[in-house]
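Below is one structure, written out as structure tokens; the observations come after it.
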Amino acid sequence: MNRLSQETSPYLQQHAHNPVDWQPWDDAALAQARDEDKPILLSIGYSACHWCHVMERESFEDPLTARVMNENFVSIKVDREERPDLDSIYMDAVVALTGQGGWPMTVFLKPTGEPFFGGTYFPPEPRHGLPSFKQVLLALAEAWREQRDEIDRSGVKLVEHIRSAAHLQQSTDPLAAELLDEAEGKLRESFDPEWGGFGRAPKFPPAPVLEFLLRRGEEEMTRRTLDRMALGGMYDVVGGGFHRYSVDERWLVPHFEKMLYDNALLASVYVHAAKRFGDERYRFVADQTLDYVLRELALDGGGFASAQDADTDGVEGLTFTWAPGEGAPEELFQPFEHGRFVLRGELDDETRTRLLEQRAQRPQPLRDDKAIASWNGLMLAALAQGGRVEPAVRLAEFLLGPLSTPEGRLHRTWRNGVAKGTGYLEDYGDVAYGLMELHVATGDPRWLREAHRLATLAVDLFADDEGGGFFHTPRDGEQLVARKKELDDHPTPSGNAMIAYVLLRLARIWGDDELERRGVSVLRIVRDALPRAPSAFGWLLVALHQHLAPHRELAIVGASDAAVARAAVAGAAETDVIAFGPADDVPLLLGRTEVDGMAAVYVCERFACALPVTDATRLPR
């Protein structure tokens, strides 16, 4: 019996009418596997995944394939966005087995959860050197009956491999600026000087790496990448926002899903680039991206949906591409497929509005309307940085209300009024980050206090007191075959990277050496890997840059919209930390007061503050 119809995940509901006896990952499904002594067929994907839809049509809707699955396996379907812990563990197994990963992911497990075989997409018939999915199913069913000892040995080895990453030792070598120099040099080796980005096709937008380079003031790699990404294709010149990635090196032909996290991270990057380089073109891209998110992904209650699908009516890119005679400027056409084209080039405001209105009349891609705490935290930061204060405040209230438990812990997801799942490390780090940015945008001390509360709660729930760094799952979470530490970006900042960055900033506002030590412990775990593989650790490089930067704190008291307050924020460096008051429970603000009823800015270095400034023209540069 297929049990997915009662699940809240749109991805799981898409499979609720398959002839496969799909189960969600829960105690009942795991107990069934143990009781019937059957291996688990674990299928992991997400709603906007093109090849997930392909494999569903080819295999999971096929009655013969479903019969083989139902007779020989307990089949479990997982939304990777709901359960990043399961996705991470079993992706490590697939990469160890095959040398590559991706979605849909198909993993075969013992009833106790140990993986013994896996892959990604399997075709319905043998092709390109791949066996058919039915061949894989029948071979593994036979192996389960006749080669159990070999399966047990494979499972033990894979679990040992997965667990080993959680036991990396902290380096005792210095955390020095040379690491940043080496990382930038290594990035330059893989930089594409013509089209920007790093490496060749396919190309994914490297938002965390660009944030690192921006903070370094690097111009060539940063601007070339930002300029080329915004030409059109992967960037939607009609409706704003970015598709997931480009299949070519020119950022031209995308896979057409649009993800909340990409657009949050890239909106932030373009806002920061506009400030760093004084270039309003970047601000335009940021504004169009935020407009897209507010228009297409906003949910009732203040949160934002996770994604728009790549396909419309089973055809990839149908909504977003154009054919001759449909009204789009044909001089901007670049070929896609099936006689349709993507647009690359500039549109005037009138043409853009006309095409967007026309496009809105077409069938639209499905929207995954579950809200994920982590991704909404990144969007909160982008809205705050982009000056969209009203929707940012609504989003913060949503995160701290419907997406939180009565005890103040975060849920992972929310959909149609139902919050579920434990919050993971990335949820706490990203939401705390967004709240800190909202504090700077509004001057309201509440958001800073909430950021501090969530970050210190994350230390309690996730910290590894012995080995340093933080586990992906909370100490009282479900016991899986491994408790991992996520350190590399994928493509969002890893939970360890973001919590390290947040803790290092909060430590300077609270004067808290323990928070700083916790943040630095993450950097020590990855110290030697940072210069060797910087593209995988962009946000940890941001955190290291923050750690090594001169300590400067801005304590601002009085009206947050006073000229001196806004000038201080506008002139602040990326590594300055800012706290608005009065708020005597925030150590940086303790004893700081207005001057003669006027807002005042205290410029401090390691809590040693200069005399307060009330005139914006007298702020130090």
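Heavy atoms only: backbone and side chains are in, while hydrogens, waters and symmetry mates are out.
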- Is the closest basic N to carboxylate O distance between Arg216 and Asp181 below 4.0 Å? yes
- Task: Test Phe462 against every option in Tyr428, Phe470, Tyr424 by the ring-ring contact (aromatic ring centres under 6.0 Å, His included) rule and name the one that passes.
- Result: Tyr428
- Message: When you compare the side chains of Asp227 and Tyr282, does any donor N or O come within less than 3.5 Å of an acceptor on the partner?
- Response: yes
- Report the distance from atom SG of Cys609 to atom CD of Glu553, rounding to the nearest 0.5 Å. 7.0 Å
- Query: With under 30° as parallel and over 60° as perpendicular, where do the rings of Phe242 and Tyr270 fit, or are they tilted in between?
  - Reply: parallel
- Task: Ignoring hydrogens and angles, state whether a donor on the side chain of Asp615 or Thr617 is under 3.5 Å from an acceptor on the partner side chain.
- Result: yes
- Side-chain ion pair, Arg394 and Glu397, N-O less than 4.0 Å: no
- Got a sec, which residues hit salt bridge (Lys or Arg N to Asp or Glu O under 4.0 Å) with Arg223, two or more places apart in sequence or on another chain? Glu219, Asp279
- Query: Between Glu478 and Arg83, is there a salt bridge with N-O shorter than 4.0 Å?
  - Reply: yes
- Counting only N and O atoms by type, is there a donor-acceptor contact under 3.5 Å from the side chain of Ser494 to the main-chain atoms of Leu487? yes
- Message: Please tell me whether Thr575 and Gln546 have a donor and an acceptor in their side chains that are separated by less than 3.5 angstrom.
- Response: no
- Message: Tell me whether the count of non-hydrogen atoms from other residues, nucleotides or ligands lying under 6.0 Å of CZ in Arg606 goes above 12.
- Response: no
- Message: If the threshold is 4.0 Å, N to carboxylate O, is there a salt bridge linking Glu211 and Arg215?
- Response: yes
- Query: Is the closest side-chain donor-acceptor distance between His272 and Glu574 under 3.5 Å?
  - Reply: no
- Query: Lys485 side chain to Gly468 main-chain N or O, any donor-acceptor pair under 3.5 Å?
  - Reply: yes
- Query: Parallel under 30°, tilted from 30 to 60°, perpendicular over 60°: which one fits the rings of Tyr261 and Trp375?
  - Reply: perpendicular
- Hey, are Asp287 and Arg283 close enough for a salt bridge, meaning a charged N less than 4.0 Å from a carboxylate O? yes
- Message: Does either side chain, that of Asp236 or that of Tyr292, offer a donor lying less than 3.5 Å from an acceptor on the other one?
- Response: no
- Query: If you draw the axis of the six-membered ring of Trp251, does the NZ or CZ of Arg228 fall within 45° of it and under 6.0 Å from the ring centre?
  - Reply: no
- SB check Glu182 Lys186 (cutoff 4.0 Å): no
- Message: Check this for me: does any side-chain nitrogen of one of Lys370 and Glu81 sit under 4.0 Å from a carboxylate oxygen of the other?
- Response: yes
- Message: Assess whether a salt bridge exists between Glu605 and Arg508, defined as any Lys/Arg side-chain N lying under 4.0 Å from an Asp/Glu carboxylate O.
- Response: no
- Message: So, taking the atom named CG in Leu448 and the one named CD in Glu437, what distance separates them when rounded to the nearest 0.5 Å?
- Response: 11.0 Å
- Quick check: are there more than 12 heavy atoms from other residues, nucleotides or ligands sitting under 6.0 Å from CG of Asp476? yes
